[in-house]
Amino acid sequence: MLSIKNIRENFEEVEAGLAKKHVKADLDHLIKLDDKRRQLIVETDELKNLKNKASKEIPQLSGQDKEKKIAQMKESQAKSKTLERELEEIKTEIDATLVKLPNPAHESVPEGADEQDNVVIDTWGKKPSFDFKPKDHVDIGKDLDIIDIERAAKVSGSRFSYIKGQLVLLELALVWFALDKLIKKGFTPMLPPVLVKEAAMYGTGFLPADEAQIYKTALDDLYLIGTSEVPLASYHSDEIIEEEKLPLRYTGFSTCFRREAGAYGKDTRGMFRVHQFDKVEMFSFCSPDKSYEEHDFIRQTEEEMMQELGLPYRVVNICGGDLGAPAAKKYDLEIYLPGQDKYRELTSCSNCTDFQARRLNIRMRTDKGNQLLHTLNGTAIAVGRTIIAILENYQQKDGSVKVPEVLQKYTGFEVIKK
RNA sequence: GGAGGAGUCGCAUAGUGGUUGAGUGCAGCCGCCUGCUAAGCGGUUAAGCUGGGAAACUGGCUUCGAGAGUUCGAAUCUCUCCUCCUCCGCCA
């Protein structure tokens with residue numbers, strides 16, 4: 001969320017940042033509303049001041065003087081209530097507008113309307129060459145009996161999967177691999193709740209923007225998280241953190257749930273786009289003047305993991321029109337999938353600046369007073385998609401799949417085979 | 001799910017309609033005292049909004065789990081909700 005103060009003080013910058021996201025907002029109208037709000041605050045505060053004084057005087061008075069004063073206050077309090085109601089309405093209107101405005105894009109974000117305009121800034125690794133026709137993960141999984149999508153459809157519907165046998169151990173190996181690395185880099189591991197209250201969804205900016213993507217429970221006003229970013233960000237809500245403790249880094253491992261509404265035709269084959277998957281996530285609470293450094297750190301960490309896993313990828317700077325509401329800037333790592341002969345999104349990391357911090361009320365204590373901090377998130381390992389990438393990139397002619405070397409100490413085997 | 005109890009300024013507590021601009025203790029910080037330490041004495045320690053002022057600074061308002069209500073006036077009374085605790089039931 002933006003603050004009205006920020007809009008007043010950095011009008012042109014905010015306007016430009018929103019324009020980059022292809023969002024048009026009537027900021028002039030907002031400022032007019034805020035003028036009215038301030039004026040009403042002055043008026044109601046005067047009346048409240050009067051009230052406070054009177055409630056000290058009244059007990060000292062008696063008889064007619066007392067009756068008179070009470071009658072007088074009755075009248076002025078009625079007026080005060082009316083003004084306060086007016087003030088509430090204006091505040092509600094301002095907030096309703098602000099909560100819908102996305103975080104303005106950073107100046108280093110490329111211009112553009114959609115995916116087509118994202119900018120590839122780096123490419124790593126060599127696409128594997130095969131002396132046979134490579135299969136996609138669906139066929140590999142079926143042939144080795146380690147992925148069962150048909151039975152998942154029977155039990156849960158489309159876009160679900162069973163992971164079986166050796167692949168289960170590969171998943172856990174990936175999780176261990178990520179956690180080992182991140183703990184060394186100062187991340188505190190967390191197993192967060194996967195059901196959260198509405199406030200956590202609003203606080204992180206998934207509501208109201210992405211309502212259609214979120215599962216909601218029928219009887220309990222709780223939402224299933226689409227990423228552990230939600231409970232990790234909310235962990236410190238309404239807190240003030242000492243500046244010396246920043247950056248505070250957490251890594252959350254959780255199952256994630258996404259409705260994938262509006263993706264009906266997309267990625268229907270296999271488990272690339274499913275309703276449920278496991279993910280190791282990085283999250284950082286950071287001082288505002290260091291957040292772009294931290295963003296690079298998170299991106300580099302993602303790249304290191306891909307390199308150690310030996311998966312060819314490219315880095316994409318997401319353009320303004322393709323950015324979500326909370327992010328001021330975002331990088332995606334796209335992984336090469338031989339089964340599709342394409343680079344596909346595997347991880348992404350965002351600098352949300354103070355957008356989530358304002359909604360969640362997370363500040364840092366500095367010598368110069370308290371101020372909102374910045375929040376950043378990045379995928380460490382999106383397990384499902386990483387499994388796809390490993391199966392397709394490490395497949396062999398005989399139908400078996402080699403285990404990337406860095407994972408072998410966790411799996412205890414070197415090859416997945418029949 | 002049923003029955004009770006509780007939520008006050010970092011922690012602990014006082015406070016059942018009006019001198020509460022929320023007191024006291026502990027802890028923290030600063031100073032004094034002091035061979036050292038301890039003790040003692042004095043001061044100080046929340047957040048948000050808003051007005052005046054170039055600024056230093058200064059005035060006002062709000063916040064006692066959250067929201068609504070009663071009242072001229074609510075930490076205090078009423079209602080709803082949230083969280084935690086105890087007991088019973090059920091359960092991985």
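First the proteins, then the strands, lettered A, B, ... as listed; each starts at 1.
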Requested in this report: Return the set of residues passing side-chain contact (heavy atoms from CB on, under 4.5 Å) with A/E150 (not counting sequence neighbours), or none when no residue passes.
Outcome: A/K142, A/D148
Query raised in the report: According to a strict under-4.0 Å criterion, is A/R363 in side-chain N/O contact with OP1 or OP2 of B/G48?
Result: yes
Report summary line: Across all chains, not counting sequence neighbours, the salt bridge (Lys or Arg N to Asp or Glu O under 4.0 Å) partners of A/D296 are A/R299
Query raised in the report: Under 4.0 Å between a side-chain N/O of A/K197 and OP1 or OP2 of B/C81, yes or no?
Result: no
Query raised in the report: B/C49 C1' sits how many Å from A/E43 CD, rounded?
Result: 16 Å
Can you tabulate the close N/O pairs, meaning under 3.5 Å, that link protein atoms to atoms of nucleotides 57-64 of chain B?
residue : atom : partner : partner atom : Å
B/G60   : O3'  : A/N49   : OD1          : 3.4
B/G60   : N2   : A/D45   : OD2          : 3.1
B/C61   : OP1  : A/N49   : OD1          : 3.2
B/C61   : OP1  : A/N52   : ND2          : 3.0
B/C61   : O2'  : A/D45   : OD1          : 3.0
B/U62   : OP2  : A/N52   : ND2          : 3.4

Distance-only check: which donor-acceptor pairs under 3.5 Å involve side-chain atoms of residues 83-102 of chain A, not counting sequence neighbours?
residue : atom : partner : partner atom : Å
A/E84   : OE2  : A/S80   : OG           : 3.3
A/T92   : OG1  : A/E88   : O            : 2.7
A/T97   : OG1  : A/E93   : O            : 2.9

Report task. Applying ring pair (Phe, Tyr, Trp, His ring centres under 6.0 Å), name anything that partners A/F297, two or more places apart in sequence or on another chain. Result -> none
Report summary line: Sequence neighbours excluded, the answer for salt bridge (Lys or Arg N to Asp or Glu O under 4.0 Å) partners of A/K66 is none
**Report entry** salt bridge (Lys or Arg N to Asp or Glu O under 4.0 Å) partners of A/E334, counting only residues at least two apart
**Finding:** A/R314
Query raised in the report: Just the dot-bracket of RNA chain B, please: which string comes out with Watson-Crick or G-U pairs under 3.5 Å, [ ] for crossing, | for another strand?
Result: ((((((((.[[[[.)..(....]]]]((((((.......))))))(((((((....))))))).[[[[[..)....]]]]])))))))....
Report task. Tell me whether the OP1 or OP2 atom of B/A46 has a side-chain N or O from A/R365 closer than 4.0 Å. Result -> no
Query raised in the report: Does A/D322 have any salt bridge (Lys or Arg N to Asp or Glu O under 4.0 Å) partners at least two apart in sequence or in another chain, and if so, which?
Result: none
